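For clarity, every value in this text was computed on a predicted model and none was experimentally measured. Protein chains get the first letters and strands the later ones, always in sequence-line order, with residue 1 at the start of each.
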There are 2 protein chains.
Amino acid sequence: MSLKFGILGLLKYERMTGYDLQKTFNSSLQFMWNAKGSQIYRELKAMEQRGLVSSSVIEQENKFDRKVYSLTEQGSEEFLSWMQKFPQDLNAPIRDEFSIRVFFGEFISNEELRFEIIKYKKQQEESIEELNVIKVLAEQDAEKNDMEQSFFYWLLTIKRGIKSIQAEIEWAEEALDLLQHKRG
Amino acid sequence: MSLKFGILGLLKYERMTGYDLQKTFNSSLQFMWNAKGSQIYRELKAMEQRGLVSSSVIEQENKFDRKVYSLTEQGSEEFLSWMQKFPQDLNAPIRDEFSIRVFFGEFISNEELRFEIIKYKKQQEESIEELNVIKVLAEQDAEKNDMEQSFFYWLLTIKRGIKSIQAEIEWAEEALDLLQHKRG
DNA sequence: GAATTCATGTAACTTGTTACATGATTTA
DNA sequence: TAAATCATGTAACAAGTTACATGAATTC
């Protein structure tokens, strides 16, 4: 897919600036999708030309202008029809650098590999903590707003994230154990 | 990273044609890295220009020629130095379409979402079976050749693949349960 | 006063996909 | 003899990254 549908979906909740989208992708959605500003603004521009979104400049007191994007009817339709058509092959295209490096593990020393896996494991543990922060954020949002619906689905994806990271941690432990007792 | 290092690493084991690389990426390595022929041949061309690989045409009886690539000294060095430098951030750049779709789950019906998650779960189950086939393949290779070393690391990555897919299946079950008892 | 965040972009480049083209060899 | 696999590419496009540029507002 492309960033496009992520943007379309977020704008379905509320109008936002490019910067807001950027913040959303790189904080609360960071564990499933991220994007650089340069890509977001470029995409937004293309989407506006195609009539999927429209922008209006909002003047603010003591602050400078914000270019706020909202969904057009057409954009909303395109998003909804995309949601109706889940792709046949749902497997994320895997392009997993860490796996490739482990696969070529014989070209570095046992100690070096173990060091890298330990580092990896620590990072995964940090990721789980970050995800828990996001989880709290989601729960707070749910209390404040009338967003119980989105909250539920957001939580589903957070749970998925946590489960998959836990699997990584378990694997790392097993791998470290195997490497430690390996000889040759 | 780029395809480049995957190619470099495979050529470190043995000389291969573009087609061989394609087969390897899309069978035994398919769960961690894949690539289309068009990309592989393009990459190979660029790598040859940069002196990382060299090609020679091998004539065969009753078959047409094969353009076989092998690592140059320079290519080998570049690969080894890449192996020495694991990136700081080892998290794969997540761009997870399935999660995004679940996240926007409120825009389709409960039944539709459940249907998609069931489909997803089945696919993951098939993936595990495929991975088990690859596992058997790896074990056979290890017996035939003197490749115990690569076999060990290959198996490490296969185990990682299986663990992570199992986590997906568990999540799917939990999600289905939550969706079934959800109301609103 | 310095650093960070807010805010919006452009340009060049890299990586990956899709569609197309060609043609021999092997297998069902 | 039809389909699949072997084998090698080109061209155009889509998606993502890096580097750069600008400057106001806010926080330390």
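The cationic group of B:Arg66 does not satisfy the cation-pi geometry with B:Tyr19, failing either the under 6.0 Å distance to the six-membered ring centre or the 45° limit from the ring axis.
Considering only the side chain of A:Asp20, C:dA7 comes nearest among D:dT17, D:dT8, C:dA7. Of all nucleotides listed (D:dT8, C:dT17, C:dC6), D:dT8 comes nearest to the side chain of B:Tyr41. Checking D:dT18, C:dT18, D:dT8 against the side-chain heavy atoms of B:Gln22 singles out D:dT8 as nearest. Nearest to the side-chain atoms of B:Gln39 among the listed nucleotides D:dG16, D:dT18, C:dG16 stands C:dG16.
We find the CZ-CH2 distance between A:Phe86 and A:Trp82 to be 7.5 Å, quoted to the nearest 0.5 Å. The line from CD of B:Gln39 to OG of B:Ser2 is 8.5 Å long, rounded to the nearest 0.5 Å.
The separation between A:Met16 atom CE and C:dA7 atom P is 13 Å, rounded to whole Å. Distance, B:Phe25 CZ to C:dG16 P: 10 Å, rounded to whole Å. Distance NZ (A:Lys36) to P (D:dA15): 17 Å, rounded to an integer number of Å. Remark: C1' of D:dA15 and CD of B:Glu97 are 13 Å apart, rounded to the nearest angstrom. One interatomic measurement links the two molecules: CD1 of B:Ile40 to C1' of C:dT17, which rounds to 13 Å at whole-angstrom precision. One can place CG of A:Asp65 at 11 Å from P of D:dA25, the figure rounded to the nearest angstrom. Summarising the geometry, the separation between CH2 on B:Trp33 and P on C:dT15 is reported as 10 Å, rounded to the nearest angstrom. Distance A:Met47 CE to D:dA14 P: 15 Å, rounded to the nearest Å.
Residue contacts shown for A:Ser38 include a base, since a base heavy atom lies under 4.0 Å away. Residue A:Arg66 is classed as a sugar-phosphate contact, given heavy-atom separations below 4.0 Å to backbone atoms only.
Proximity of the aromatic rings of B:Phe104 and A:Tyr153 is defined here by a centroid distance below 6.0 angstrom, and this criterion is not met.
An OP1 or OP2 oxygen of D:dA7 is reached within less than 4.0 angstrom by no side-chain nitrogen or oxygen of B:Lys67. The phosphate of C:dT14 (OP1 or OP2) has no side-chain N or O of A:Arg95 nearer than 4.0 angstrom.
Heavy-atom nearest nucleotides on DNA chain D were determined for B:Tyr19 and for B:Lys45, and the one closer to the 5' end corresponds to B:Tyr19.
No donor-acceptor pair under 3.5 Å is formed between the side chain of A:Ser55 and the backbone N or O of A:Tyr69.
Taking 3.5 Å as the limit, the base of D:dT17 and the side chain of A:Arg42 contain a donor-acceptor pair of atoms between them.
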